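Single-structure report; data block below.
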Amino acid sequence: MHKDIESVLVNEQEIESIVKRLAAEIDRDYADKDWLMVGVLKGSILFMADLMKAMKNDFKIDFVVVSSYADGTESTGRVNVIKDISQSIVGKDILIVEDIIDSGNTLHFLDQYLRAKGAASVNLVTLFDKPDRRVKEVPVKYVGKVIPDAFIVGYGLDYAEKYRTLPYVGILKPEVYS
Ligand code: IMP
Ligand code: MG
């Protein structure tokens with residue numbers, strides 16, 4: 001285990017079974033659609049890659065980069081689009097892929113942003129959900145795992161751009177960010 005990790009919250013096996021379950025649900029719901037999966041970079045990268053591989057349907061992908069965090073562990077509430085979607089989404093069915101919902105600020109914003117661009121439907125899949133910290137209501141269709149209020153890293157999730165490459169998800173030692 002990495003020296004900055006206090007404990008492993010979700011190991012590789014559990015991640016794999018969560019991803020398989022979500023892939024089957026999305027496959028079933030999107031079977032006859034011509035749709036677009038939109039990953040929120042960078043945190044969702046490993047989750048999205050594994051999800052895509054686990055799915056049977058074919059679909060198109062795109063990415064957005066948004067930022068609401070500085071290098072801290074608290075949401076600022078303001079969301080900026082740093083890299084926009086690279087195609088017209090008018091009339092398209094969209095599934096946003098996110099690593100984690102915390103305050104809800106990011107996904108609340110993205111949901112409205114993509115609807116305003118003319119998407120036919122916008123749904124959300126998140127690997128992790130921290131409902132205790134929700135500030136803005138977000139309609140999440142698919143949730144991998146509900147987790148307690150702790151700052152987690154690994155499997156794409158970072159603290160100050162570190163720990164994304166860990167293959168498991170761990171709780172960061174508080175002394176690392178305090
Ligand atoms: P929200 O806008 O507060 O819901 O935060 C969403 C974003 O904050 C996520 O996409 C993550 O990038 C980041 N985030 C929230 N909680 C954590 C965490 O525990 N570890 C790492 N990143 C987090
Ligand atoms: Mg994120």
Side-chain angles (χ1 to χ4, degrees), residues 1-12 14-15 18-19 22 26 36-52 61-85 94-116 122-178:
M1 196 165 70
H2 191 289
K3 64 171 176 41
D4 295 346
I5 300 297
E6 188 170 86
S7 60
V8 175
L9 185 67
V10 190
N11 65 26
E12 291 182 64
E14 192 183 351
I15 291 173
I18 291 169
V19 169
L22 292 172
I26 298 165
L36 185 66
M37 180 183 274
V38 176
V40 184
L41 292 175
K42 303 168 211 168
S44 69
I45 178 159
L46 293 183
F47 172 46
M48 181 161 161
D50 284 344
L51 192 61
M52 289 168 63
I61 65 166
D62 208 329
F63 297 97
V64 290
V65 180
V66 293
S67 112
S68 64
Y69 275 38
D71 276 349
T73 60
E74 296 284 327
S75 172
T76 60
R78 291 185 311 273
V79 182
N80 301 312
V81 177
I82 294 169
K83 182 226 167 280
D84 207 338
I85 216 152
I94 307 278
L95 180 66
I96 303 174
V97 183
E98 179 60 302
D99 51 0
I100 186 166
I101 309 187
D102 185 28
S103 69
N105 284 321
T106 306
L107 283 178
H108 176 83
F109 168 84
L110 263 183
D111 180 66
Q112 303 213 327
Y113 183 74
L114 297 178
R115 284 175 199 280
V122 180
N123 283 314
L124 311 169
V125 53
T126 187
L127 180 54
F128 298 113
D129 187 4
K130 286 199 272 196
D132 295 348
R133 302 207 0 128
R134 200 61 41 81
V135 173
K136 289 231 174 75
E137 269 319 303
V138 183
V140 201
K141 183 144 188 196
Y142 310 97
V143 176
K145 188 178 171 109
V146 174
I147 61 162
D149 179 10
F151 198 80
I152 58 170
V153 294
Y155 195 63
L157 290 108
D158 74 308
Y159 169 67
E161 296 299 329
K162 286 164 67 184
Y163 316 108
R164 289 196 200 274
T165 59
L166 297 175
Y168 55 84
V169 172
I171 296 175
L172 195 59
K173 287 180 180 165
E175 62 257 37
V176 177
Y177 54 81
S178 57

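Note that ligands are numbered from 1 as they come in the structure, with each ligand's atoms numbered from 1 the same way. Everything numeric here is computed off the predicted structure, so don't read it as measured data.
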Take atom NZ of K83 as the centre, draw a 6.0 Å sphere, and report whether it contains more than 12 heavy atoms from other residues, nucleotides or ligands.
->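 Yes - once you tally the heavy atoms of other residues, nucleotides and ligands closer than 6.0 Å, there are more than 12.
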
Got more than 12 heavy atoms from elsewhere within 6.0 Å of CD1, I45?
->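 No.
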
Closest non-hydrogen atom pair, T126 against D129 |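 Smallest interatomic distance, heavy atoms only, reads CG2-CB, 4.5 Å.
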
For the pair F151 and Y159, name the ring-plane relationship: parallel under 30°, tilted 30 to 60°, perpendicular over 60°.
->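 If you compare the ring of F151 with that of Y159, the planes turn out perpendicular.
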
Are side-chain heavy atoms of V8 and M1 found at a separation under 4.5 Å?
->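 Side chain of V8 against side chain of M1, heavy atoms only: contact under 4.5 Å found.
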
In terms of atom number and element, which parts of ligand 1 are under 4.0 angstrom from non-hydrogen atoms of N105?
->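 Atoms satisfying the 4.0 Å criterion: 2 (O), 4 (O).
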
Sequence neighbours excluded, which residues qualify as side-chain hydrogen bond (donor to acceptor under 3.5 Å, both in side chains) partners of N11?
->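 With sequence neighbours excluded, N11 shows a side-chain hydrogen bond (donor to acceptor under 3.5 Å, both in side chains) to no residue whatsoever.
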
Can you name the side-chain hydrogen bond (donor to acceptor under 3.5 Å, both in side chains) partners of E6, sequence neighbours left out?
->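 By the side-chain hydrogen bond (donor to acceptor under 3.5 Å, both in side chains) rule, E6 matches no residue at all.
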
Looking at ligand 1, does V153 have a heavy atom less than 4.0 Å from it?
->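 Not so, V153 does not reach ligand 1.
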
Under a heavy-atom criterion of less than 4.0 Å, does H108 contact ligand 1?
->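 Not so, H108 does not reach ligand 1.
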
Which option wins on minimum heavy-atom distance to [atom]: [options]?
{"atom": "atom 3 (O) of ligand 1", "options": "S103, A150, G154, G43", "value": "S103"}
{"atom": "atom 11 (C) of ligand 1", "options": "V169, I100, L172", "value": "I100"}
{"atom": "atom 2 (O) of ligand 1", "options": "T106, T126, D158", "value": "T106"}

Examine I152 against ligand 1 and note whether any of their N/O atoms are separated by less than 3.5 Å.
->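 Min N/O separation from ligand 1 is below 3.5 Å for I152.
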
Looking only at distance, does G104 have an N or O less than 3.5 Å from an N or O of ligand 1?
->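 Yes.
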
Report the part of K130 in contact with ligand 1, treating N, CA, C, O as backbone and CB onward as side chain, heavy atoms under 4.0 Å; options are side chain, backbone, both, neither.
->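 Side chain only; the backbone of K130 stays clear of ligand 1.
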
